[in-house]
Amino acid sequence: MASLSLKHIYKKYPGGVTAVSDFCLEVQDKEFIIFVGPSGCGKSTTLRMIAGLEEITEGEFYIGDKLMNDIAPKDRDIAMVFQNYALYPHMTVYENMAFGLKLRKTPKEEIKRRVEEAAEILGITHLLDRKPKAMSGGQKQRVALGRAIVRNPKVFLLDEPLSNLDAKLRATMRTELTKIHKRVGTTFVYVTHDQVEAMTMATRIVVMKDGFIQQVDTPQNLYDKPVNMFVAGFIGTPQMNFINATLEKKDGKAYVSFEGHSLSIPDEKANDANLADYYGKEVVIGIRPECIHDEEIYMQQFSDNVIEVDVDVTELMGAEIYLYLSTGEQNMTARVSSRSQARAGDKIKVAIETARIHIFDKDTQKCLVH
């Protein structure tokens with residue numbers, strides 16, 4: 001069993017700098033959990049505290065039911081894969097992968113079996129006699145993973161392992177890592193600032209900002225039910241559109257108004273108890289780019305919520321087009337079909353799917369209604 005328990009963990013540095021505050025998390029055995037957030041949010045520091053490379057200032061960290069705060073890194077049964085691979089340049093791939101086992105006085109036959117098994121899983125059997133300088137970034141990444149796999153650790157820690165790879169290779173390695181996790185059957189704790197990596201690989205994601213956990217949830221729940229504007233804006237590409245608007249009620253129907261436009265809100269959202277005190281006040285509405293449509297079929301379907309906008313820029317992404325739109329002072333991004341005829345400089349009509357909008361408190365930035 002390799003469940004992890006972090007209870008009220010703090011990391012404070014001399015001079016009053018607090019890198020991580022009140023971090024509480026239960027990680028289940030065999031889970032693939034990803035810490036995500038902007039640079040400086042405390043995700044790598046938390047990973048290093050799990051590894052024992054940083055001292056925990058306050059709080060308790062358990063692996064299974066064993067308190068690990070004062071256990072040396074080498075005795076934690078954890079393997080860490082770093083961003084820069086940290087391979088020994090003078091050793092072959094086989095020697096790099098076997099090195100940790102040799103230090104543990106593992107029998108030669110056992111080392112050979114484990115290295116060959118890991119090389120087979122990672123597809124690097126043909127590289128075992130090569131040295132790191134004769135390999136690509138993706139191959140080095142696999143060797144670094146192999147060195148961790150041969151140890152059969154209880155927990156894998158991965159600190160931005162794909163950030164040095166090119167875009168195509170990153171996409172391939174994301175798939176590979178998910179397969180490796182399934183085959184190895186061990187707990188993975190992974191750090192990245194790339195929300196695409198987090199969304200595609202994790203069983204659960206921990207979103208961090210300024211040392212605090214913002215939300216812990218499955219990728220789909222983070223996307224559909226963000227707890228605040230930070231999470232809503234961080235998860236999703238292009239990011240969610242945020243619009244300052246006024247929440248109003250006319251003739252028993254709810255509307256949000258901005259820049260001379262009025263969008264009707266479905267009854268199930270309008271009647272939510274969280275909105276009761278917000279009528280007549282300013283709120284922030286969040287609209288995902290895929291909820292803004294420029295095709296005629298949507299104009300008919302959402303005829304109550306059609307507005308006129310200016311097209312500032314278009315970006316063809318292959319299977320879809322990003323439209324950068326404006327209305328008055330408000331900018332928006334729409335993600336539409338590659339069949340779209342919209343061009344920069346056009347005035348077009350778009351339909352907004354208000355059944356999927358989010359409404360946030362303007363001051364606290366908390367989500368009131370999904």
Side-chain angles (χ1 to χ4, degrees), residues 2-6 9-11 13 18-28 30-57 59 61 63 68 73 76-86 137-138 140-142 144-145 147-149 153-165 167 169-171 173-178 180-181 184 186-219 222 230-231 234-235 237:
S3 59
L4 307 181
S5 181
L6 293 96
I9 299 287
Y10 285 80
K11 179 62 189 178
Y13 291 104
T18 302
V20 178
S21 298
D22 200 22
F23 190 100
C24 298
L25 182 67
E26 300 293 325
V27 181
Q28 303 306 313
K30 298 181 183 173
E31 201 170 4
F32 196 139
I33 199 142
I34 294 188
F35 298 167
V36 72
S39 298
C41 70
K43 55 191 186 297
S44 288
T45 303
T46 305
L47 196 77
R48 290 172 66 82
M49 285 193 282
I50 293 171
L53 302 174
E54 290 273 4
E55 201 175 310
I56 294 169
T57 312
F61 167 51
I63 296 182
M68 294 307 230
R76 293 192 180 198
D77 202 4
I78 279 173
M80 192 155 179
V81 179
F82 294 95
Q83 183 178 345
N84 61 0
Y85 319 132
K140 288 178 191 171
Q141 185 58 74
R142 284 185 168 84
L145 279 165
R147 189 175 53 192
I149 288 170
K154 284 183 181 171
V155 184
F156 278 89
L157 305 181
L158 300 103
D159 191 4
E160 304 216 20
L162 308 185
S163 59
N164 289 344
L165 306 180
L169 194 50
R170 282 174 86 149
M173 282 302 292
R174 284 202 303 266
T175 314
E176 290 299 315
L177 275 171
T178 307
I180 290 162
H181 172 249
V184 175
T186 310
T187 307
F188 274 42
V189 183
Y190 186 108
V191 159
T192 181
H193 61 270
D194 184 336
Q195 51 101 5
V196 176
E197 280 177 30
M199 291 291 284
T200 50
M201 294 193 293
T203 47
R204 281 192 304 155
I205 299 172
V206 180
V207 183
M208 294 183 70
K209 179 193 178 196
D210 300 334
F212 289 92
I213 293 178
Q214 301 293 304
Q215 188 171 355
V216 182
D217 219 324
T218 61
L222 280 179
F230 176 78
V231 176
F234 196 82
I235 301 293
T237 307

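Since the model is a prediction, treat every value here as computed from it, not as a measurement.
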Practice item. Tell me, please, which residues at least two apart from Asp77 pass side chain to side chain donor-acceptor pair (under 3.5 Å). Key: none

Study note, to complete from the structure: Residues at least two apart in sequence or cross-chain that pass side chain to side chain donor-acceptor pair (under 3.5 Å) with Gln214, listed by chain then number, are Asn228

Exercise for review: Taking the side chain as every heavy atom from C-beta outward, state whether Ile63 and Ile50 have any pair of such atoms under 4.5 Å apart.
Suggested key: no

Review point. Is there side-chain contact between Leu25 and Val206, with at least one heavy-atom pair below 4.5 Å?
Key: yes

Check your understanding: Asp194: what forms a side chain to side chain contact (heavy atoms under 4.5 Å, CB included) with it, not counting sequence neighbours?
Key -> Arg170, Thr192, Val196, Glu197

Practice item. Name all residues meeting the side chain to side chain contact (heavy atoms under 4.5 Å, CB included) criterion together with Ile56; count only those two or more places apart in sequence or in a different chain, and write none if there are none. Key: Ile9, Met49, Phe61, Asn69

Determine all donor-acceptor pairs shorter than 3.5 Å in which one atom belongs to a side chain in residues 31-43; sequence neighbours excluded.
unit_1: Glu31; atom_1: OE1; unit_2: Gln28; atom_2: N; d: 2.8
unit_1: Glu31; atom_1: OE1; unit_2: Arg204; atom_2: NH2; d: 3.2
unit_1: Glu31; atom_1: OE2; unit_2: Arg204; atom_2: NE; d: 2.5
unit_1: Glu31; atom_1: OE2; unit_2: Arg204; atom_2: NH2; d: 3.4
unit_1: Lys43; atom_1: NZ; unit_2: Gly37; atom_2: O; d: 3.0
unit_1: Lys43; atom_1: NZ; unit_2: Pro38; atom_2: O; d: 3.2

Study note, to complete from the structure: Correct closest heavy-atom pair for Ala202 and Pro219 would be O-CG, 3.5 Å

Exercise for review: Say whether Glu54 and Thr45, considering side chains only, have a donor N or O and an acceptor N or O under 3.5 Å apart.
Suggested key: no

Practice item. May I ask you to test the Ile205-Val216 pair for a side-chain heavy-atom distance under 4.5 Å? Key: no

Review point. For Ser21, does its backbone N or O pair with a side-chain atom of Lys11 as donor and acceptor, under 3.5 Å?
Key: no

Point to revise | Closest contact, heavy atoms only, Gly52 versus Pro73 | key: O-CG, 3.4 Å

Review point. Under 4.5 Å between any side-chain heavy atoms of Arg147 and Val81, yes or no?
Key: no

Check your understanding: If you measure from OG1 on Thr186 to CD1 on Ile180, what distance do you get to the nearest 0.5 Å?
Key -> 11.5 Å

Revision key, fill the gap. The salt bridge (Lys or Arg N to Asp or Glu O under 4.0 Å) partners of Lys140 (sequence neighbours excluded) come to none

Exercise for review: Taking side chain to side chain donor-acceptor pair (under 3.5 Å) as the test, write out the residues that go with Thr200, two or more places apart.
Suggested key: Arg174

Practice item. Answer whether the closest heavy-atom distance between the side chains of Leu53 and Met80 falls below 4.5 Å. Key: yes

Exercise for review: Report the residues that fulfil side chain to side chain donor-acceptor pair (under 3.5 Å) with Thr18, sequence neighbours left out, ordered by chain and then residue number.
Suggested key: none

Pairs under 3.5 angstrom only: tabulate donor-acceptor contacts from the side chains of residues 155-162 to other protein residues two or more places apart or in another chain.
unit_1: Asp159; atom_1: OD1; unit_2: Ser44; atom_2: OG; d: 3.0
unit_1: Glu160; atom_1: OE1; unit_2: His193; atom_2: ND1; d: 2.9
unit_1: Glu160; atom_1: OE2; unit_2: His193; atom_2: ND1; d: 3.4

Practice item. Would you indicate whether the side-chain heavy atoms of His181 and Met201 approach each other to under 4.5 Å? Key: no

Review point. Are the side chains of Val189 and Thr46 in touch, meaning some heavy atoms are under 4.5 Å apart?
Key: no

Point to revise | Arg76 side-chain N/O to Lys154 backbone N/O, donor-acceptor pair under 3.5 Å | key: no

Check your understanding: Could you walk me through whether Thr218 and Thr203 pass the side chain to side chain contact (heavy atoms under 4.5 Å, CB included) check?
Key -> CA-CA 6 Å; Thr218 61; Thr203 47; over 6 Å; no

Review point. Is there a side chain to side chain contact (heavy atoms under 4.5 Å, CB included) between Gln195 and Thr237 once you walk through the steps?
Key: CA-CA 9 Å; Gln195 51 101 5; Thr237 307; 2.4 Å; yes

Point to revise | Val207 side chain reached by Phe230 side chain, heavy atoms, under 4.5 Å | key: yes

